[in-house]
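Worth saying up front: this structure is predicted, and the values here are computed from it rather than measured. Keep in mind that the numbers below use all heavy atoms, side chains included, and drop hydrogens, waters and symmetry copies.
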Amino acid sequence: MNIYLRLVYRNIRANLDRASLFFELIFPLFFIFVQGFGLNGIVPPFDVGNGRVISYSLFLAAGAVTLTVINGGTNAGTQLWFDRKNGMFEQLLMGPFTRAQYILSIIFATLIIGVAGSLLVFGFAFPVLGASFAPTWEGALLIAGALFLGTMFFGAFAIALSVVLKSSETFQIVSTFAFFIFLFTSSVFFPASSAPSAIQVASLANPLTYTTDIFRAGLFNAVTPTVSLELGILAIEAAVMFVIAVIAFRRIRV
Amino acid sequence: MARDQVVRVAELSRLFGDKIAVDRVSFDIARSEVFGFLGPNGAGKTTTIKMLTTLLPPSSGRATVLGYDLKTEGRKIRAQIGVVQQQDSFDQGLNVETSMDLYGLIWNVPKAERRRRIDELIGHFEMQEFRKMPTVDLSAGQRRRLQVAREFIHDMDLLFLDEPTVGLDPIVRRSVLDYLKERVQQGLTIFFTTHILEEAEYLCNRIAVINQGRIVQIDTPENLKRRFGSAKAVEFKLLQGTSSEMASALSSSASVSRFGRDEGSGAYRVTTTRPESVIPEIYRLADRLNLTVSSIYISETTLEDAFINLVTEDEKAVANGGRAS
């Protein structure tokens with residue numbers, strides 16, 4: 001079996017915290033089925049681009065699906081933490097693997113967890129989203145690209161955090177707080193353009209904004225000329241964060 | 001590579017900032033040899049293992065492991081070695097059996113072979129009663145057993161064992177050591193560190209004593225005892241159990257190089273080069289203090305005596321700036 005397959009399988013099998021994963025999947029569903037429908041009555045439908053007018057519950061449901069990329073990212077940091085805490089990090093590095101193979105296996109496992117989680121939440125949310133789902137090849141590629149790059153960014157971000165922070169407790173607190181900031185300065189809950197100017201500025205640097213916007217554009221066939229620019233920015237942010245994570249990872253003292 | 005040299009180390013050093021953790025160590029290890037690496041805490045044992053297993057790059061010096069260059073062929077080395085670290089290492093989300101299976105999988109051991117080896121190792125290491133138990137629920141000793149057993153799931157030519165028997169009870173410890181001996185007879189080479197000198201004596205063909213990063217001596221256990229264990233140990237018991245006056249008087253005696261009491265047996269142990277004058281002194285003190293010596297004998301020099309002498313002499317040499325460079 002290929003070395004990456006073995007390591008990815010091991011990462012998922014050994015380090016996936018099933019209880020946390022359950023709540024990470026349940027969490028977006030509350031937004032979709034509780035908050036979305038709750039606010040639907042007071043928020044009028046609006047244009048998400050390309051003349052596509054959708055209800056707030058649809059808008060939020062699409063945003064909630066992209067929320068799972070953050071959860072995938074947290075898992076990447078947790079995998080590394082578990083391995084460091086339990087001595088498996090050194091054990092694996094004294095095995096027939098390189099550091100690069102090890103970190104890539106965490107990223108691959110994170111991508112699988114993030115994308116699979118998104119698809120699962122999407123499946124649960126289909127009764128809400130299904131009616132307005134306008135599948136096209138272009139849309140499918142945008143959705144795949146958004147989920148891939150979003151998970152890549154947040155996975156790399158969590159790995160970098162878990163290297164820098166000295167205890168697993170601090171990692172949990174800081175990553176939760178950081179992801180909270182990412183969440184509320186993005187377009188998951190509301191269009192960034194309608195937010196106060198400070199949040200609008202912050203949202204322009206926020207990869208979750210681009211992940212969510214691209215995902216919605218692909219899902220609702222609401223592709224505007226800015227989507228390719230957003231995709232480019234997200235790809236650059238993901239690549240930069242990946243490089244930062246690799247540099248941080250190489251500095252882990254054993 | 002010389003035909004039977006599995007490890008060749010020349011002037012290997014490792015610095016952490018200004019601190020020298022390992023200082024120009026040199027040694028060879030032959031195939032099917034158990035090479036003991038003994039030293040006090042912080043002597044440089046684990047750092048040496050980390051360098052030889054390619055986890056840490058050396059600051060200077062050269063080494064080959066299994067014929068491969070340490071600096072340029074790390075991956076080839078890692079493919080043929082096994083390592084049991086001093087610290088715990090386990091997958092927390094799995095039970096014992098699954099943990100071993102997954103470890104075999106990442107080493108690319110075929111499934112049928114993994115099954116066979118797991119059953120065999122669980123038997124050898126007496127893990128039947130907790131084979132289905134989650135690794136997080138194991139006691140320290142059980143987890144240690146798993147860690148050692150797990151390493152034998154894959155093939156290897158050289159095994160690094162960094163204090164592998166910590167936390168094991170004497171019976172399990174002996175069965176682990178016997179299993180290691182069996183594997184050595186089949187061709188395995190072992191690099192072994194421990195603080196339990198009896199097991200080093202039981203297992204090792206040769207022993208290197210390391211102190212403050214430098215190798216002080218390398219020899220067989222017998223030669224180390226003969227050459228450096230010149231002091232004898234006089235052990236005695238008092239009918240009254242303990243006596244602080246006796247302890248105080250013997251501790252300050254010029255003939256006594258070390259004095260202590262074994263809490264388990266209750267016996268006092270006096271290390272001396274002159275047992276012929278220490279024994280009468282013990283009886284004189286007992287008379288004066290109205291104590292009765294219930295038993296007294298001179299014991300053979302142990303590896304521990306030799307080890308302590310070596311390290312103590314080296315410490316003195318370092319303190320006096322007289323250590324050979």
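The number of heavy-atom neighbours closer than 6.0 Å to CZ of Phe27(A), taken from other residues, nucleotides and ligands shown, is 12 or below. In the displayed structure, Phe16(B) atom CZ is contacted under 6.0 Å by more than 12 heavy atoms of other residues, nucleotides or ligands. Within a 6.0 Å radius of OH in Tyr4(A), other residues, nucleotides and ligands contribute more than 12 heavy atoms. Other residues, nucleotides and ligands place no more than 12 heavy atoms under 6.0 Å from the CZ atom of Arg62(B). For Arg99(A), the CZ atom counts as densely surrounded, since its 6.0 Å shell holds more than 12 non-hydrogen atoms of other residues, nucleotides or ligands.
Nearest heavy atom pair, residue Arg75(B) against residue Thr98(A), reads CD-CG2, 3.9 Å.
Using non-hydrogen atoms only and a strict 4.5 Å limit, the part of residues 83-103 of chain B facing chain A consists of Val83(B), Gln85(B), Gln87(B), Asp88(B), Ser89(B), Phe90(B), Asp91(B), Gln92(B), Gly93(B), Leu94(B), Thr98(B), Leu102(B), Tyr103(B). Proximity to chain B among residues 86-97 of chain A is limited to Asn86(A), Gly87(A), Met88(A), Glu90(A), Gln91(A), Leu92(A), Leu93(A), Met94(A), Gly95(A), Pro96(A), Phe97(A), judged by heavy-atom separations below 4.5 angstrom.
In this structure, chain A has no heavy atom under 4.5 Å from any part of Gln80(B).
For the set Gln147(B), Arg150(B), Lys76(B), the count of heavy-atom pairs under 4.5 angstrom toward chain A peaks at Arg150(B). Interface summary for chain A: among Ile106(B), Thr53(B), Val136(B), the most heavy-atom pairs under 4.5 angstrom belong to Ile106(B).
Side chains of Leu105(B) and Arg10(A) form no contact here, defined as non-hydrogen atoms less than 4.5 Å apart.
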